[in-house]
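Hydrogens, waters and symmetry mates are skipped; everything else that's a heavy atom, side chains included, is used. Every chain is numbered from 1 and lettered A, B, ... according to where its sequence line falls, protein lines coming before strand lines.
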There are 2 protein chains.
Amino acid sequence: MNTDNTKSQMRKGMLEYCIMLLLRHQPCYANDIIQRLHEAEMIVMEGTLYPLLSRLKRDGLLGYEWRESTQGPPRKYYVLTDDGQEALSQLDASWEEILRTVNILKQ
Amino acid sequence: MNTDNTKSQMRKGMLEYCIMLLLRHQPCYANDIIQRLHEAEMIVMEGTLYPLLSRLKRDGLLGYEWRESTQGPPRKYYVLTDDGQEALSQLDASWEEILRTVNILKQ
DNA sequence: TTCAGTACCTTGCCATACAAGGTATTACAA
DNA sequence: TTGTAATACCTTGTATGGCAAGGTACTGAA
């Protein structure tokens with residue numbers, strides 16, 4: 001568990017958090033994620049996403065399973081692991097903290 | 001004006017935004033900033049802050065003036081320039097966008 | 001069997017957070 | 001007057017990570 005590191009990363013980017021929020025509801029493969037984030041007004045590039053997913057997988061926060069597609073090669077569907085769920089809870093807390101910080105500074 | 005770039009930086013970090021929010025109200029020198037951000041629950045290191053301030057200065061978003069101190073060497077008080085004010089408005093918008101994104105993803 | 005579409009991944013570059021270390025000015029006490 | 005502590009500003013080196021560009025592999029249809 002490297003939430004300290006993740007937390008410090010959060011200052012650098014909301015991306016990781018947003019992706020894990022997405023996966024909280026349902027397994028997704030890369031293009032799913034890109035499209036859904038786009039719908040939520042956040043742009044993410046392939047070259048950013050794939051390394052990020054690999055990293056989260058390597059850190060044990062995500063797992064994946066292959067699923068057949070009717071329209072091309074099989075897809076890697078990523079899922080939150082139990083560790084991932086827990087890390088996400090901590091990220092939720094970090095997000096609340098950022099919210100507080102910004103609200104204080106906006107006064 | 002490189003708000004596109006700043007906007008993309010924002011995904012990486014809230015720091016720049018928070019510092020400019022601080023300076024919206026009043027001129028501050030480095031230790032002021034560190035302390036006030038700390039009070040707002042955001043930690044920032046000297047080695048992060050000084051280059052960041054120099055960068056914002058170089059980009060014309062901040063200016064500074066020297067002020068005497070009763071307790072040591074003179075201090076560099078940073079102020080938002082007009083360009084800085086405008087950039088900050090755009091960062092406000094980006095922040096709202098992130099808020100929307102997270103709220104959508106949290107549903 | 002070739003080509004377009006889809007999907008996954010890597011490489012190289014650049015920006016930046018951070019730790020650590022360095023320099024300069026000031027105040028104060030010996 | 002000199003030395004020392006406190007304050008303040010800044011730089012260097014390292015690691016991380018976003019992004020553009022390019023590459024590989026599988027699938028299905030012309």
Kindly point out which of D:dC10, C:dT25, C:dA17 is positioned nearest to the side chain of B:P74?
C:dT25
What is the separation between atom CG on B:L15 and atom P on C:dT16, rounded to the nearest whole Å?
11 Å
Report the distance from atom CZ of B:R58 to atom P of C:dT16, rounded to the nearest whole Å.
8 Å
Just how far, in rounded Å, is C1' of D:dA8 from CZ of B:R67?
16 Å
Please check: side-chain N/O of A:S69 versus main-chain N/O of A:P74, any donor-acceptor pairing under 3.5 Å?
no
Whichever of B:G47 and B:Y29 has its nearest DNA chain D nucleotide further upstream toward 5'
B:Y29
If each of B:K76 and B:P73 is mapped to the nucleotide of DNA chain D with the nearest heavy atom, which maps nearer the 5' terminus, i.e. the 5' end?
B:P73
Check every atom of C:dT6, D:dC19, D:dG18 against the side chain of A:M45 and return the nucleotide holding the closest atom.
D:dC19
A:N103 CG: over 12 foreign heavy atoms closer than 6.0 Å:
yes
Tell me if the NE2 atom of B:H25 is crowded by more than 12 foreign heavy atoms within 6.0 Å.
yes
For D:dT27, does OP1 or OP2 lie under 4.0 Å from any side-chain N or O of A:R75?
no
What is the distance, to the nearest angstrom, from the CG atom on B:L56 to the P atom on D:dC10?
13 Å
Under-3.5 Å donor-acceptor pair between B:E46 side chain and D:dC10 base
yes
When the distance from CD of B:E65 to P of D:dA8 is rounded to whole Å, what number comes out?
16 Å
Whole-Å gap separating C1' (D:dG28) and CD (A:E68):
14 Å
Rounded to whole Å, how long is the line connecting atom CG of B:L49 with atom C1' of C:dC18?
12 Å
D:dG18, D:dT7, C:dC9: which one has an atom nearest the side-chain heavy atoms of A:R55?
D:dG18
From C:dC9, D:dC10, C:dC18, nucleotide with atom closest to A:Y50 side chain
C:dC9
Considering only side-chain heavy atoms of A:L52, which listed nucleotide, C:dA17, D:dG18, C:dC9, is closest?
D:dG18
For the student: nearest non-hydrogen atoms of A:M14 and B:V102, plus distance:
CE-CG2, 4.0 Å
If I take atom CD1 in residue B:I34 and atom P in nucleotide C:dA19, what distance separates them, rounded to the nearest angstrom?
12 Å
Could you go through the side chain to side chain contact (heavy atoms under 4.5 Å, CB included) check for A:L49 and A:L37 one step at a time?
CA-CA 11 Å; A:L49 183 57; A:L37 285 185; 5.9 Å; no
Select from A:P51 and B:Q71 the residue whose nearest nucleotide in DNA chain C is closer to the 5' end of that strand.
A:P51
